[in-house]
*Asks:* 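Could you have a look at this structure, given as C-alpha cells, before my questions?
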Amino acid sequence: MVFKMKNQQIAEVFKQIADILEIKGENFFRIRAYRRAAQNIENLTEDIDVLLKEKKLDIPGVGTDLSQKIQEMIDTGRLDYFDKIKKTIPSGLLEIMTIPGVGPKTTKLLYDNLSIDSVSKLERAAKKHKLRGVFGLKEKTEENILQGIELIKQGHSCILLSVAMAAAAEIMDKLKKLKLVKKINVAGSLRRKKQTIRDIDILISSTQEEKVIDEFCRLAPVKKILAKGQTKSAILTNNGIQVDLRVVKPDSFGAALVYFTGSKAHNIHIRELAKKRGLKINEYGVFLEKTGKKVAGKTEQDVYKALNLAFIEPEMREDTGEVEASQKHKLPRLVTLADIKADMHMHSNWSDGAYSIEDMAKTAQKRGYTYIVITDHSQSLGIAHGLSPERLKQQINEIRALNKKFKNFKIFSGAEVDIKSDGSLDFEDKLLERLDVVLAAVHTGFKQSKEQLTQRIVKAMQNKFVNIIVHPFGRLINERASYELDFEQIIKAAKDTNTALEINSYPKRLDLDDVHVRRAKQMRVMLAIGTDSHTIEQMNMMELGISVARRGWLEKKDVLNCLSQAEFLNRIKK
DNA sequence: GCCGTTTTCGGCCCGACTGTTTTCAGTCG
C-alpha cells in the first residue's frame with residue numbers, strides 16, 4: 001500500500017527543497033516559489049488529493065511543475081526530485097539553518113571550511129573557538145552562534161497565544177506610561193492572533209525614536225538585548241520571550257502597523273498591487289512611484305484606501321483570499337466579543353470545576369451574557385468526577401430552582417458526555433432527553449484509526465440529542481497532536497444531523513483551529529464557542545475563542561453564542 | 001518556479017541591524 005501524503009507533509013517537502021536550494025545558492029526566486037507554494041498548501045482547508053482528483057487544484061503559486069510534483073507525491077508517496085536533491089547535502093545542514101542568525105550562506109561556509117554538518121559539531125567547534133579562523137567569521141559570530149544554539153535548546157519557539165498576550169500587555173503597560181510614546185500597538189502574529197507566537201512585536205509612534213529605544217532596553221523584564229539600533233530593537237525577557245520593538249514617526253504609524261502586522265504573504269500581495277497602480281508601499285507610507293509623493297501612511301485605513309481596498313481585519317491578513325475579497329468589497333463582518341450572548345461550555349463544582357453554578361451564572365451576567373449552558377462531565381470520566389445519572393438529575397433540579405433567582409438570564413442544563421470507543425454515549429437517551437443541550441466529546445482511545453475515530457464521532461452526531469461536538473480534534477498545543485479525522489466526513493455529518501462544532505477556547509486546545517473553522521463555515525455548519533471554564537476567571541478565555549472564530553472568517557450569523565435564548569433553542573433542534 | 005488589462009520572457013517587496021573583508025553581504029521580519 002502506498003503511504004498517503006497529506007497537505008502538511010507535501011508542504012514540508014517543498015520547504016525542505018527550498019532550504020536545500022538555498023544552501024546550494026540557487027536562484028532566489030525559484031526558492032521563493034517553493035516557499036510560497038508550501039505556505040499556500042498549508043493554508044488549504046481541503047485534502048489536496050481530493051482537490052487533485054476533482055481537478056480543482058487551483059492553488060496560487062502552484063504551476064505546471066509543482067502540480068506535477070504534488071501529483072507524484074500523491075501517487076507514489078514520495079518525490080524523486082526531493083530524494084535526489086536531499087542526497088547532495090548532509091541533512092544536518094538544514095538543522096543548522098534553524099539557528100537564529102545562521103542562514104544558508106553561513107551554513108555553507110561552515111560546511112565547506114570546517115566540515116561541520118550538525119548542530120552538535122557546530123557547538124563543539126564554537127566552544128573551542130575554531131570558527132574564528134574561517135574567512136569572514138570572528139569572535140562575535142562565534143558568540144552569537146552559541147547563543148542561538150542555547151535559544152533552540154530552550155525551545156521557546158512556540159509560545160501560546162494566551163501567554164504571549166499576557167506578556168505583551170505587561171510590557172505595553174510600562175511603555176504606555178512614557179511621555180515620549182504617542183501611539184502604541186501590538187503587531188505581528190500576535191495581532192493576527194495566531195494560535196502560537198514566535199515573538200512579540202510592538203510598534204510605537206514617537207518623534208524621538210532613539211530615546212524610546214533606550215527606555216525600552218531599560219525595562220524591567222529585559223534579560224538580554226539582542227539588537228539595538230536607532231529605530232528598532234529586540235530583547236529577550238526574563239521568561240525567554242523575544243520582544244521586537246519598532247519606532248516610527250507619527251505620520252507613518254498606519255503604514256508601519258500594516259507592515260509589521262503582516263503576514264509576510266499579505267504584505268507581498270498588497271505591495272504587488274501597489275506596484276501595478278504605480279505606487280510604492282513601505283513602512284513609512286504609500287508613495288507615488290514617479291514623484292515619490294506620499295499619499296497615505298498615518299492610519300491603516302488610509303493605507304488600504306490608497307490601494308483601493310476595503311479595510312482588512314488583522315486576523316484575516318494571511319493572503320488566503322482576503323485581498324481579493326477586499327477588492328470586491330465582499331469581506332465578512334467578523335464576529336466580535338460584544339456579539340457574544342452566552343457561554344456554551346462550562347464546568348461547575350458538581351464535577352471538576354471550582355465554583356458553584358450560581359457563581360458561574362453571576363459572572364456570566366456581569367459579562368453581559370443572557371444565558372449559559374452548564375456542562376459537567378459524564379460518569380465514565382472518573383478523573384474529573386463525572387456525574388452519575390442520579391447526580392445529573394439532581395443537578396437538573398437545582399438549575400431549575402436556581403433559574404427562579406435570575407431575571408432576563410437563563411441557565412440551561414447540559415452535559416459534556418463522553419463518546420465511548422464504539423461511538424455510543426455515556427448516558428442513556430432517556431437521560432439526555434431531559435437536558436436542554438448535550439455536548440459530546442472524545443476523551444479516551446485517541447489511538448484508534450482515522451476511520452474508527454471519524455465513525456465514532458459521526459455516530460455520536462447521529463444521536464438526536466447531541467447538539468455540539470466539543471474539542472473535535474482532541475489536541476493540546478505543544479503537548480499532544482490531534483488525532484486523525486476525516487474532517488470532510490465530519491462536517492458532512494454535522495450538516496446532515498444539524499450538529500454544531502465547537503471552538504474550544506482553552507488556551508492549549510483552540511480546537512477547532514482557524515483552518516477547520518473556515519472550512520466548516522464554507523459548508524454552512526454552525527460553530528459554538530465554548531470556554532470550557534473550570535473557574536470564573538477562565539470565562540475570560542472567550543476572547544481566545546473569538547480570535548479563532550475571526551481567523552476562520554466567522555460572522556455573527558455563524559456562531560450559536562450570538563443567538564438569543566429562543567433562537568438558540570430553536571436552532572439546535574434536531 | 002510562477003505569472004501576465006502593457007508581457008509566454010523577464011520580471012519577481014522592502015528596509016533595518018549586525019558584523020565585518022570599513023562598504024556591504026547576510027539575516028531577519
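Per chain, numbering begins at 1; letters A, B, ... match sequence-line order.
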*Asks:* Please find the pair of heavy atoms, one from A:Ala38 and one from A:Phe14, that lie closest to each other, and give the distance.
*Replies:*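 Closest heavy-atom pair between A:Ala38 and A:Phe14: CB-CB, 3.9 Å.
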
*Asks:* Using a strict threshold of under 4.0 Å (side-chain N to carboxylate O), is an ion pair present between A:Glu318 and A:Arg551?
*Replies:* yes

*Asks:* Taking the basic N atoms (NZ, or NE/NH1/NH2) and the acidic carboxylate oxygens, is any pair closer than 4.0 Å for A:Lys298 and A:Asp251?
*Replies:*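 Salt bridge absent between A:Lys298 and A:Asp251.
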
*Asks:* In residues 276-286 of chain A, which ones come under 4.0 Å of DNA chain B, going by heavy atoms?
*Replies:* A:Lys280, A:Ile281, A:Asn282, A:Glu283, A:Tyr284

*Asks:* If you take any heavy atom closer than 4.0 Å to DNA chain B, which residues from residues 21-37 of chain A end up in contact?
*Replies:* A:Asn27, A:Phe29, A:Arg30, A:Arg32, A:Ala33, A:Tyr34

*Asks:* Between A:Arg78 and A:Asp80, is the closest basic N to carboxylate O distance under 4.0 Å?
*Replies:* yes

*Asks:* Is the centre of the A:Phe473 ring less than 6.0 Å from the centre of the A:His516 ring?
*Replies:* yes

*Asks:* What's A:Thr64 touching, base or sugar-phosphate or nothing? Going by heavy atoms closer than 4.0 Å.
*Replies:* sugar-phosphate

*Asks:* Quick one: is the NZ or CZ of A:Lys69 closer than 6.0 Å to the six-membered ring centre of A:Tyr81, and within 45° of its axis?
*Replies:*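 Yes, cation above the ring, under 6.0 Å and within 45°.
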
*Asks:* Taking atom C1' in both B:dT8 and B:dC3, compute the distance separating them and give it to the nearest angstrom.
*Replies:*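 Comparing C1' positions in B:dT8 and B:dC3 gives a spacing of 9 Å.
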
*Asks:* What's the gap between B:dT18 and B:dG10 when it is taken at their P atoms, as a whole Å value?
*Replies:*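 That atom pair is separated by 40 Å.
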
*Asks:* Which letters describe nucleotides 19-28 of chain B, given B = protein heavy atom under 4.0 Å from base, S = only from sugar-phosphate, - = neither?
*Replies:* SSB----SSS

*Asks:* Hey, is A:Arg246 close enough to A:Asp201 for a salt bridge, meaning N to O under 4.0 Å?
*Replies:* no

*Asks:* Considering only the C1' atoms, how many Å lie between B:dC17 and B:dT23, rounded to the nearest integer?
*Replies:*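 My reading of the C1' atoms in B:dC17 and B:dT23 gives 15 Å.
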
*Asks:* Evaluate whether atom CD of A:Glu543 has more than 12 neighbouring non-hydrogen atoms of other residues, nucleotides or ligands under 6.0 angstrom away.
*Replies:* no

*Asks:* Rounding to a whole Å, what distance do you find between A:Glu209:CD and B:dC17:P?
*Replies:* 10 Å

*Asks:* So which one's nearest nucleotide on DNA chain B is more toward 5', A:Gly61 or A:Lys275?
*Replies:*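 By nearest-heavy-atom nucleotide position, the 5'-most residue is A:Gly61.
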
*Asks:* Is there a side-chain contact between A:Leu137 and A:Arg132, using heavy atoms and a 4.5 Å cut-off?
*Replies:* no

*Asks:* Does A:Asp117 come within less than 4.0 Å of A:Lys121, counting only side-chain N to carboxylate O?
*Replies:*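 The answer is yes: the pair qualifies as a salt bridge.
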
*Asks:* Both distances below 3.5 Å, Watson-Crick or wobble geometry, any strand: find the nucleotide opposite B:dT8.
*Replies:* none

*Asks:* Rounded to whole angstrom, note down the P distance from B:dT22 over to B:dA16.
*Replies:* 23 Å

*Asks:* Is it true that A:Glu215 and A:Lys177 make a salt bridge, defined as a side-chain N closer than 4.0 Å to a carboxylate O?
*Replies:*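 A salt bridge is absent here (no side-chain N lies under 4.0 Å from a carboxylate O).
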
*Asks:* Considering only atom P, compute the distance from B:dT5 to B:dG1 and round it to an integer number of Å.
*Replies:*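 My reading of the P atoms in B:dT5 and B:dG1 gives 23 Å.
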
